[in-house]
Amino acid sequence: MISLQQLEEAINRARSCHPATGSDARLHPDVALLGAVYGAMIFRRVKQLDPASLDPEQRVALDRWFLPPLKR
């Protein structure tokens, strides 16, 4: 499971490496894909998501930017 906070952190990592560009502030495709998932979670009031429920493009973007929590 991935939490809303973890997804937000993945989006922020992607945004820091690929800031919005152009006069229309176009988002990098990974940021747009993950942002759509984040928006849907907020709208549905979901706090955790099973990554297996994502479509293949979303899953690839998540895999690229997600860092698992550190074990203490």
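What you see is a predicted model, and the numbers here were worked out from it, not measured in a lab. The figures that follow rest on heavy atoms only: side chains count, while hydrogens, waters and symmetry mates do not.
- Looking at every heavy atom in both residues, Pro51 comes nearest to Arg59 through CB-NH1, 3.2 Å.
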Show the numbers, then the answer: is there a side-chain contact (heavy atoms from CB on, under 4.5 Å) between Val46 and Leu4? CA-CA 8 Å; Val46 174; Leu4 191 61; over 6 Å; no
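- Between His18 and Trp65, the angle of the ring planes goes over 60°, which puts this pair in the perpendicular group of the 30/60° scheme.
- For residues 41-58, there are no salt bridge (charged side-chain N to carboxylate O under 4.0 Å, His left out) pairs, not counting sequence neighbours.
- When all heavy atoms are compared, the tightest approach of Ala25 to Ala20 is O-CB, 3.6 Å.
- Among all heavy-atom pairs drawn from Ile2 and Leu62, the shortest one is CD1-CD1, 3.5 Å.
- The distance from atom CD of Glu9 to atom OG of Ser3, rounded to the nearest 0.5 Å, is 7.0 Å.
- Atom-to-atom distance recorded for Ile11:CD1 and His28:NE2 is 13.5 Å, nearest 0.5 angstrom.
- Taking hydrophobic clusters as Ile, Leu, Val, Met, Phe, Trp and Tyr residues chained together by side-chain heavy-atom distances below 4.5 Å, Ile42 shares a cluster with Val31.
- The closest side-chain heavy-atom distance from Met41 to Leu49 is below 4.5 Å.
- By the side chain to side chain contact (heavy atoms under 4.5 Å, CB included) test, Asn12 pairs with Glu8, Arg15, sequence neighbours left out.
- The two residues Arg13 and Leu67 have their closest heavy-atom pair at NH2-N, 3.2 Å.
- Residue Leu33 is not grouped with residue Leu54 when hydrophobic side chains (ILVMFWY) are merged at heavy-atom distances under 4.5 angstrom, including chains of intermediate members.
- Heavy-atom minimum distance, Asp30 versus Ala61: OD1-CB, 3.5 Å.
- Shown here are the side chain to side chain donor-acceptor pair (under 3.5 Å) partners of Asp24, two or more places apart in sequence or in another chain: Arg26.
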